[in-house]
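First the structure, in the form of C-alpha cells, and then the observations on it.
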Amino acid sequence: PGEIAQGLQATPIALDGVLYYSASNNRSFALDAATGRQLWEYIPELDAVQEKSVFGFYNRGVTVGRGKVFIGASDGHLIALDQKTGKELWKVKLTDPKTCHGCNFTSPPILAGDVLIAGPTGGDLAQRSRLHALKADTGEKAWTMELLKDDPKSWPGDTIKVGGGGAWLPGQYDAKNDTFFIGTSNPAPDFNAEVRAGDNLYTSTVLALEPSTGRIKWHHQEVPNDAWDFDAAYEFVMFERNGQELMMHLNKGGFVTVYD
C-alpha cells in the first residue's frame, strides 16, 4: 500500500465479494476478493500535524455501510467514501490535534442506525475527551458527549481539564435494543492517581448510549481512579443464555465482566 510506518493493523471487511481495508496514514483500498485486483484506492491529504503525534500514521480499519466506506483520520477528520468508486463524499473536521494532542482518530467510526459515532485516541494525554456523532449520509453533526463527568466528586479542582479518557477502539451497536456500547480508556495523568483523587468517571468505563442523542442509558466503571492503565476500551461479545441477553467484556486488568 505504499506506506509501512506502523504496519497493517486492520482486518479487512469482506462484503459481496469485495475486501475493504486500510493501511498506514489512512490509505484505503477495495480489492476483488477472488483475484486480489485493486478496484479503487483513496489516498487522503492529511494535515502534517499527524506526523508529530504519538498516535499518528497507524489506524485500525474502516467501516462499511449505507453505500459508503467511513474513515476515522489521524488528523481529526471523519471521511465518507462512495463504496463502489472510492470517491470522497464528505469530510468533516471534529478535532484539532494542533491544540489538543491525542485528539485524533485511530479506529473507524461505528454505524448505529443512521448515526456514525467516533471516539478519540489519547486517554494517556492531558486533554478532555469527547465522543462525536454525525449523520452518516451527510456528515452533519448530531451530538457531542463529554467523556469526563462534570462532577467535583469525580474530578476535584481543575483535574477534569486534563483528565484524558479517550475511546480509542470501536464500540458496538446492538440494533435490537438500539443501544451503542463503548469502552473508555484510562484517565490522565497515567499511573498517578493521587493528583486526581475521585473515581474519575467516565474513564475505564463501559457506556451504554442512545445513538440518536448520546444519552447515557447506563454505565459501569470497571476501574475507579485507575492507577494502572487498565483501560476498558476493548471488544464486546453479545450472547444469549437461558433466554437472557448478555454481554461479555474483557478488561486489561485481567477481569471479565458479564452484563445484562
Side-chain angles (χ1 to χ4, degrees), residues 10-16 20 59-72 78 80 83 94 105-121 123 129-149 165-186 201-223 230-253 255-260:
T11 299
I13 293 177
L15 185 63
D16 298 329
Y20 303 90
N59 69 98
R60 301 180 178 91
V62 297
T63 289
V64 182
R66 302 180 73 85
K68 301 173 181 63
V69 176
F70 299 102
I71 299 168
L78 291 191
Q83 184 178 339
L94 295 175
F105 304 104
T106 56
S107 287
I110 293 298
L111 267 176
D114 63 351
V115 176
L116 196 66
I117 304 174
T121 296
S129 293
R130 298 166 177 85
L131 284 181
H132 302 271
L134 304 178
K135 295 293 185 181
D137 291 334
T138 64
E140 176 187 357
K141 294 181 181 180
W143 51 261
T144 302
M145 179 205 165
E146 296 282 346
L147 283 175
L148 304 186
K149 185 179 182 180
W168 52 273
L169 281 179
Q172 189 163 331
Y173 178 53
D174 177 1
K176 181 178 180 181
N177 296 298
D178 191 32
T179 302
F180 175 73
F181 298 100
I182 194 163
T184 63
S185 61
N186 53 281
L201 284 170
Y202 297 102
T203 63
S204 300
T205 295
V206 170
L207 292 167
L209 306 179
E210 182 177 68
S212 60
T213 66
R215 178 181 65 87
I216 298 176
K217 293 185 175 183
W218 59 259
H219 75 274
H220 177 253
Q221 189 175 42
E222 295 185 337
V223 189
F230 285 170
D231 309 60
Y234 303 100
E235 295 83 353
F236 301 91
V237 178
M238 312 290 188
F239 63 101
E240 289 190 12
R241 183 176 182 184
N242 298 326
Q244 185 179 13
E245 295 180 351
L246 301 172
M247 180 177 74
M248 181 177 69
H249 185 252
L250 287 75
N251 182 276
K252 194 192 289 185
F255 288 88
V256 176
T257 305
V258 177
Y259 298 91
D260 182 287

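Nothing fancy with the numbering, it's 1 onward along the sequence. Given the structure is predicted, the values throughout are model-derived calculations rather than measurements.
Applying the side chain to side chain contact (heavy atoms under 4.5 Å, CB included) criterion to Gln221, with sequence neighbours excluded, gives Asp199, Leu201, Thr203, Thr205, Pro224. Looking at residues two or more places apart in sequence or on another chain, you find no salt bridge (charged side-chain N to carboxylate O under 4.0 Å, His left out) involving Arg60. Considering only residues two or more places apart in sequence or on other chains, Pro109 meets the side chain to side chain contact (heavy atoms under 4.5 Å, CB included) condition with Phe70, Leu78, Leu116, Ala118. Every residue two or more places apart in sequence or in another chain that forms a salt bridge (charged side-chain N to carboxylate O under 4.0 Å, His left out) with Glu146 is listed here: Arg128, Arg130. Annotation: side chain to side chain donor-acceptor pair (under 3.5 Å) contacts of Lys252 (sequence neighbours excluded): Asp229, Asp231. Under the ring pair (Phe, Tyr, Trp, His ring centres under 6.0 Å) criterion, Tyr20 pairs with no residue, sequence neighbours left out. For Thr179, the side chain to side chain contact (heavy atoms under 4.5 Å, CB included) criterion is met by Asn177, Phe181, Ala208, Lys217, not counting sequence neighbours. The salt bridge (charged side-chain N to carboxylate O under 4.0 Å, His left out) check on Asp178 picks up nothing, with sequence neighbours excluded. With sequence neighbours excluded, the residues satisfying side chain to side chain contact (heavy atoms under 4.5 Å, CB included) with Asn59 are Ser22, Asn26. Contacts of Glu140 classified as side chain to side chain donor-acceptor pair (under 3.5 Å), with partners at least two apart in sequence or in another chain: none. Taking Tyr259 as the reference, His220, Glu222 meet the side chain to side chain donor-acceptor pair (under 3.5 Å) condition, with sequence neighbours excluded. Listed by chain and residue number, nothing satisfies the ring pair (Phe, Tyr, Trp, His ring centres under 6.0 Å) test with Phe255 (two or more places apart in sequence, or in another chain).
Of the possible donor and acceptor atoms, one in the side chain of Trp143 sits under 3.5 Å from a partner among the backbone N and O of Pro211. Between the side chain of Ser185 and the main chain of Gly166, a donor-acceptor pair closer than 3.5 Å is present.
What you find for Leu209 and Gly214 is that their closest heavy atoms are CD2-O, 3.8 Å. In plain terms, the two heavy atoms of Val258 and Phe239 that are nearest each other are CG1-CZ, 4.2 Å. Looking at every heavy atom in both residues, Ile216 comes nearest to Leu207 through CD1-CD2, 4.2 Å. Closest non-hydrogen pair, Ile117 versus Ala112, comes out as CD1-CB, 4.2 Å. The minimum heavy-atom distance linking Gln172 with Phe236 is given by the pair OE1-O, 3.1 Å. Thr63 and Pro108 make their closest contact through OG1-CB, 3.6 Å (heavy atoms, listed as atom of the first residue, atom of the second, distance).
The line from CG of Leu134 to CG of Asp114 is 11.5 Å long, rounded to the nearest 0.5 Å. Rounding to the nearest 0.5 angstrom, the gap separating the NE2 atom in His249 from the CD atom in Glu235 is 7.5 Å. Separating the CG atom in Leu131 from the CZ atom in Phe180 is a distance of 6.5 Å, to the nearest 0.5 Å.
Considering only heavy atoms from C-beta on, Gln244 stays 4.5 Å or farther from Asn242 through its side chain. Inter-residue side-chain proximity for Glu245 and Glu240 is flagged as met; some heavy-atom pair is nearer than 4.5 Å. A heavy-atom distance below 4.5 Å is found between the side chains of Val206 and Met247.
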Run Tyr234 and Leu169 through side chain to side chain contact (heavy atoms under 4.5 Å, CB included) and show every step you take.
CA-CA 7 Å; Tyr234 303 100; Leu169 281 179; 3.6 Å; yes
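Asp137 and Arg66 are joined by a salt bridge, as a carboxylate oxygen and a charged side-chain nitrogen come within less than 4.0 angstrom of each other.
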